[in-house]
Chemist: 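Take a look at this one; I'll ask things after.
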Amino acid sequence: MPTKIEKDSVTGHETTGHEWDGIRELNTPLPKWWVYVYIATVIWGIGMFVLYPAIPLGSWVTPGILGYSSRADAIAGVKEMAALHTTQMQEIGQKSFAEIEKNHDLMEVALTAGRITFANNCQPCHGPNGEGRVGYPALDTDVWRWGGSIEAIQQTITDGIRSNDPDARNSQMPNFGGDKLLTPDQINQVADYVISLYGKAKPNAATDAGAKLFADNCAPCHGAKGEGSREVGAPPLASHVHLYGDSREVVVAQITHPRMGVMPNWNKRLSPAMIKAVALYVHSLGGGE
Ligand code: HEC
Ligand code: HEC
């Protein structure tokens, strides 16, 4: 039914002419600000369309007159990061450990590079977080066989332990069983004494004979009280940290046939700067000697 268009007396707006049960629909105009914003966004959209890549056409897109490409942008960003990384690794190679530690940004780069290199190269032997495995020492304790200063760690990583490198850290625990330096009885006695050093021996198992055997045969490397010696990489025996385990069988086996773990030298595989970064990372795991 045609209705006539009239003005609403309250708002002054025109009505659309639609009416339901006496309720009339107003023809309220769009607010001015909204119309301007709308026109501005349309102009903005056309502008972007002309300037930037817009319509995808299979393997090609309309390129836009600025010639922008997000791929080129990303490649440039990666190149920039790589250049930054190279200069920072060069700095790590040139600076002393003390200088690197004072430089927050450089230290962050070193620890990140060290962590990644550790995961790629060291983790199979020393465990994901340097917690060690049987035969492979934990690097997150403050018990060190060769030394826990950054410089000592750097040297261990560079030249290795019993590796092929001429500068490798080297020492041999005598083969007390295989070379018949001690009888099986004597080995049992000295083993009981060793176990008593970390409080796991049965009462009265540690005898004077065992103590004397230890003083004569073991103390020159492991120290009079089993405190260990870094000169020969002899681990502390009076300790709760053990390379091979703390059971009696393990101690007897080690005295009978020492295993002599090998740690590879990394100077052929990692750059000196990268070795410094790993040394800083390993140092950050332990007691921080
Ligand atoms: C093939 C196994 C193996 C790999 C890989 C390996 N290590 Fe070792 N590492 C050893 C063994 C075994 C020892 C203990 C040798 C010994 O003194 O009897 C050792 C000892 C060490 C020590 C001396 C700990 C101390 O108490 O003084 C440090 C530090 C160390 N490794 C760091 C590293 C780092 C860093 C990497 C990676 C770049 C690495 N290792 C890779 C086997 C390995
Ligand atoms: C010439 C030095 C030397 C002498 C002497 C020596 N040791 Fe050792 N000992 C070492 C070294 C080096 C290691 C580490 C070896 C390895 O990685 O297998 C070691 C390791 C050990 C371990 C393993 C420690 C662990 O953390 O699991 C035990 C136990 C031990 N020695 C007991 C003895 C006893 C007992 C004697 C004397 C009967 C003795 N050693 C004499 C150098 C020595």
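Numbering of ligands and ligand atoms starts at 1, following listing order. Count residues from 1 along the sequence. Just so it is clear, the model here is predicted, and its values are computed rather than measured.
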Chemist: Does either side chain, that of Asn267 or that of Asp165, offer a donor lying less than 3.5 Å from an acceptor on the other one?
Modeler: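 Checked: Asn267/Asp165 side chains pair up, N/O donor to acceptor below 3.5 Å.
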Chemist: Looking only at protein heavy atoms, identify the closest one to atom 2 (C) of ligand 1 and say how far it is in Å.
Modeler: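 Answer for atom 2 (C) of ligand 1: Cys125 SG, 1.9 Å.
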Chemist: Please state which protein non-hydrogen atom is closest to atom 23 (C) of ligand 1 and give its distance, to 0.1 Å?
Modeler: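 Result: Thr156 CG2, 3.7 Å.
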Chemist: Would you say Ala279 touches ligand 1, if touching means a heavy atom closer than 4.0 Å?
Modeler: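 Checking ligand 1 against Ala279, which is what was asked, there is no heavy-atom contact under 4.0 Å.
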Chemist: Check contact between Arg230 and ligand 1, using heavy atoms of the residue and a distance below 4.0 angstrom.
Modeler: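 Contact absent.
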Chemist: What I want to know is whether Trp146 and ligand 1 share at least one N or O pair that is separated by under 3.5 angstrom.
Modeler: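 Yes; at least one N/O pair falls below 3.5 Å.
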Chemist: Could you go step by step and tell me if Lys212 and Asp216 meet the salt bridge (Lys or Arg N to Asp or Glu O under 4.0 Å) rule?
Modeler: CA-CA 6 Å; Lys212 178 147 194 336; Asp216 292 347; 2.8 Å; yes
Chemist: At what distance is the nearest protein heavy atom to atom 15 (C) of ligand 1, and which residue and atom is it?
Modeler: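 Looking at atom 15 (C) of ligand 1, the protein heavy atom closest to it is Ile161 CD1, 3.7 Å.
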Chemist: Measuring centre to centre across the rings, with the benzene-like ring taken for any Trp, is Tyr198 within less than 6.0 Å of His242?
Modeler: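 Between His242 and Tyr198, which both carry aromatic rings, the centre distance is below 6.0 Å.
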Chemist: Are any non-hydrogen side-chain atoms of Leu111 and Ser284 less than 4.5 angstrom apart?
Modeler: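 The answer is yes; the side chains approach within 4.5 Å.
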Chemist: Tell me which one of Val262, Asp142, Leu270, Val282 gets a heavy atom nearest to atom 12 (C) of ligand 1.
Modeler: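 Heavy atom nearest to atom 12 (C) of ligand 1 belongs to Val262.
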Chemist: Is any side-chain heavy atom of Phe176 closer than 4.5 Å to a side-chain heavy atom of Gln186?
Modeler: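 Result no, sub-4.5 Å side-chain heavy-atom pair not found.
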Chemist: Examine the proximity of ligand 2 to Ser171 and report which part, side chain or backbone, both or neither, has a heavy atom under 4.0 Å away.
Modeler: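 Under 4.0 Å from ligand 2, Ser171 contributes side-chain atoms alone.
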Chemist: Say whether Tyr136, considering both its backbone and side-chain N or O atoms, lies within less than 3.5 Å of an N or O atom on ligand 1.
Modeler: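 No, no N or O pair falls under 3.5 Å.
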Chemist: To which of Pro137, Gly261, Pro264 does the heavy atom nearest atom 14 (C) of ligand 1 belong?
Modeler: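 Closest candidate by heavy-atom distance is Pro137.
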Chemist: Any atom of ligand 1 sitting under 4.0 Å from a heavy atom of Gly233?
Modeler: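 Checking ligand 1 against Gly233, which is what was asked, there is no heavy-atom contact under 4.0 Å.
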Chemist: At a 4.0 Å cut-off, with the gap strictly under it, does some heavy atom of Glu231 reach an atom of ligand 2?
Modeler: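 So Glu231 does not count as touching ligand 2.
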Chemist: If you take all heavy atoms of Pro53 and Val61, which pair is closest and at what distance?
Modeler: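 Closest pair (atom of Pro53, atom of Val61, distance): CB-CG2, 4.0 Å.
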Chemist: What does the angle at atom 8 (Fe) of ligand 2 come to, between atom SD of Met173 and atom NE2 of His222, rounded to 10°?
Modeler: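 Answer comes to 180°, rounded to 10°.
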Chemist: Would you say Gln254 has an N, O or S atom lying under 2.8 Å from atom 8 (Fe) of ligand 2?
Modeler: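 For Gln254, the answer is no, given that no N, O or S atom comes within less than 2.8 Å of atom 8 (Fe) of ligand 2.
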Chemist: Taking atom 11 (C) of ligand 2 as the point of reference, which of Ser239, Pro235, Cys221, Gly135 owns the nearest heavy atom?
Modeler: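 Shortest heavy-atom distance from atom 11 (C) of ligand 2: Pro235.
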Chemist: Would you mind checking which non-hydrogen protein atom is closest to atom 41 (C) of ligand 1, with the distance to 0.1 Å?
Modeler: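 I find the closest protein heavy atom is Trp266 CZ2, 3.5 Å.
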Chemist: Looking at atom 8 (Fe) of ligand 1, is one of the N, O or S atoms of His126 less than 2.8 Å from it?
Modeler: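 Looking at His126, which is the residue asked about, there is an N, O or S atom under 2.8 Å from atom 8 (Fe) of ligand 1.
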Chemist: Looking only at protein heavy atoms, which one is nearest to atom 16 (C) of ligand 1, and what is the separation?
Modeler: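 Answer for atom 16 (C) of ligand 1: Arg145 NH1, 3.3 Å.
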